[in-house]
2 protein chains.
Amino acid sequence: MTTSATPRERLLDAAGELFYRDGVNIGVDALCKAAGVSKKSMYQLFRSKDELIAESLASRGPMYQVLLHPGADDDRSPRERILTVFERQDELVASGNYLGCPYVSTAVELKNPEHPGSVVARHFKQQLTDFFHRELVTAGADDPSTLAIQLTMIFDGASARSVVRAQPLGGIGAATASVLLDAAGVHTGELATQAR
Amino acid sequence: MTTSATPRERLLDAAGELFYRDGVNIGVDALCKAAGVSKKSMYQLFRSKDELIAESLASRGPMYQVLLHPGADDDRSPRERILTVFERQDELVASGNYLGCPYVSTAVELKNPEHPGSVVARHFKQQLTDFFHRELVTAGADDPSTLAIQLTMIFDGASARSVVRAQPLGGIGAATASVLLDAAGVHTGELATQAR
DNA sequence: AGTCATGGAAACAGATCGGTTTCTAGCATC
DNA sequence: GATGCTAGAAACCGATCTGTTTCCATGACT
């Protein structure tokens, strides 16, 4: 129920969802109504709508991260953990409620890279690249920095495709990532150095 | 000067630029002012703002296409023509005025895939994929359909990266495309079937 | 019971939204 | 020179925008 959480939590929750679903141009009135919080309270908790955009995006960061790449405390190989990200994305798209990567969408809508929301988006996008990078280092890939960026690009490219096409991805993200991983000598369950 | 073109051309021009630079939420007043056209005239030429979004996006389609992949009447190889697209994108980003692929941005901002602007975006995005596909067929690539989609994804991934990072791409798009082309046996100046 | 802080409801402000309408300046045609 | 069409300027409409303010119900503490 809505009243169990604090007004701040309710606002961040509603803002995170509505900014994503309807875009950052949705009105503050609609946000407050959805959160069951008065505008007065909102403007006591957040300096401005822009700040709410940034904070709500940041507050949902951990959720998206867990969604895409859950804790590393499993026995899968780096390659498997990387490909799982693309499979999760595929599932999200297939579920029908996917409107693109929230960070990219927010940055695209805001236009201004110095907007606090854009800064948050950049930060969390970097975290996905960092995840890839860690796994690639573990796997002993040749050029983990470049490859981590390339995998992030494939992720965002697949995301853009799902938005433009409004159709399931059909595994194209994981398939593309596989080609890059193959080319970099990252194979299932073994280090690239062992394969050479 | 602004008055040399017809009101319709001036409107499409101004709309194409301002929708891209400021987002589709820019007001009709600002558009008309920039175009030197009255709102009355605008609503005689276009049924609604939504229609203007779609038509202005469509009117700039040829421009973007020429920008990214000029006429095929040259003696470069398919691989070179494909990689040129990514190099052009790189130059656009480096020029500092790039705010992401206008089709993807518009689709992201509109959210609704049935919006006339989203339909136009889907159409022109497909045209880039078709261009890749034609070149790949010419080059005798193994699976041109899949590869054309993957190249489009890399294009959009690079575009998303440029928006989120607000920095030059440094050739990462062409580099990634090269890996895929290599894996598919598309090499410079020769057919893949000859290479096998 | 009385006091006080919290926070929702709602009015308000000034600006802007998409869209319509009125008015008039300019210009070609007869 | 009179007529009629085009199209820009600008007022107007109701709705919505971000942000502020007032008012009042609630509930905790003394």
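Just so it is clear: chains get the letters A, B, ... in the order the sequence lines come, proteins before strands, and each one is counted from 1. Model, not experiment: these values are computed from the prediction.
Side-chain proximity of B:Ser41 to the nucleotides C:dG8, D:dG8, D:dT18 is greatest for D:dG8. The side chain of A:Val28 has D:dT18 as its nearest neighbour among C:dG18, C:dG7, D:dT18.
Nucleic acid contact class of B:Ile26 (heavy atoms, under 4.0 Å, all strands): sugar-phosphate only.
Clustering ILVMFWY residues whenever any of their side-chain heavy atoms sit less than 4.5 angstrom apart, transitively, puts A:Ile172 in the very cluster that holds A:Tyr98.
Nucleotide C:dT16 holds its P atom 12 Å from the NZ atom of B:Lys39, rounded to whole Å. At whole-Å resolution of the value, NZ in B:Lys40 and P in D:dA11 are 16 Å apart. Between B:Lys33 atom NZ and C:dC17 atom P the separation is 11 Å, expressed in whole Å. For the pair B:Leu31 CG and C:dG19 P, the computed distance is 12 Å after rounding to whole Å. In this structure, CG of B:Asp29 is placed 14 Å from C1' of D:dT16, rounded to the nearest angstrom. Atom CE of A:Met42 is separated from atom C1' of D:dG19 by 9 Å (rounded to the nearest Å). In this structure, A:Asn25 atom CG and C:dT16 atom P are separated by 15 Å, rounded to whole Å.
Residue A:Arg76 qualifies as enclosed at atom CZ: its count of foreign heavy atoms under 6.0 Å is above 12.
Residues B:Lys125 and A:Arg161 are not in side-chain contact: their nearest non-hydrogen atoms beyond the backbone lie 4.5 Å or more apart. Between B:Leu151 and B:Leu136, the closest side-chain pair of non-hydrogen atoms falls below 4.5 Å. Side chains of A:Val120 and A:Thr106 form no contact here, defined as non-hydrogen atoms less than 4.5 Å apart.
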Cut-off 3.5 Å, no hydrogens considered: what does the side-chain donor-acceptor table look like for residues 30-39 of chain B, sequence neighbours left out?
unit_1  : atom_1 : unit_2  : atom_2 : d
B:Ser38 : OG     : B:Ser41 : N      : 3.1
B:Ser38 : OG     : B:Ser41 : OG     : 3.0
B:Lys39 : NZ     : B:Asp29 : OD1    : 3.3

Solution key, residues 11-26 of chain A side-chain donor-acceptor pairs under 3.5 Å, sequence neighbours excluded:
unit_1  : atom_1 : unit_2   : atom_2 : d
A:Tyr20 : OH     : A:Leu99  : N      : 2.6
A:Tyr20 : OH     : A:Gly100 : N      : 3.3
A:Tyr20 : OH     : A:Gly100 : O      : 2.8

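Taking a 4.0 Å limit (strictly below) on heavy-atom distances, residues 11-23 of chain B does not reach DNA chain D anywhere. Of the residues in residues 109-117 of chain B, not one places a heavy atom less than 4.0 Å from an atom of DNA chain C. For DNA chain C, the neighbouring residues in residues 43-59 of chain B, judged by any heavy atom under 4.0 Å, are B:Tyr43, B:Ser48, B:Lys49.
B:Ser162 places no side-chain N or O within 3.5 Å of a backbone atom of B:Val93 that could act as its donor or acceptor partner. When atom types are taken as modelled, the side chain of B:Arg122 and the backbone of B:Pro113 share a donor-acceptor pair closer than 3.5 angstrom.
Looking at B:Gln127 and B:His123, their side chains do bring a donor and an acceptor atom within 3.5 Å of each other.
Put simply, B:Ser38 has no side-chain N or O that comes within less than 4.0 Å of OP1 or OP2 on D:dA7. OP1 and OP2 of C:dG7 both lie 4.0 Å or more from every side-chain N or O belonging to A:Arg10.
Checked against the 6.0 Å centroid criterion, the rings of B:Phe155 and B:Phe132 do not qualify as a close aromatic pair.
Shown here are the salt bridge (Lys or Arg N to Asp or Glu O under 4.0 Å) partners of B:Arg8, two or more places apart in sequence or in another chain: B:Glu55.
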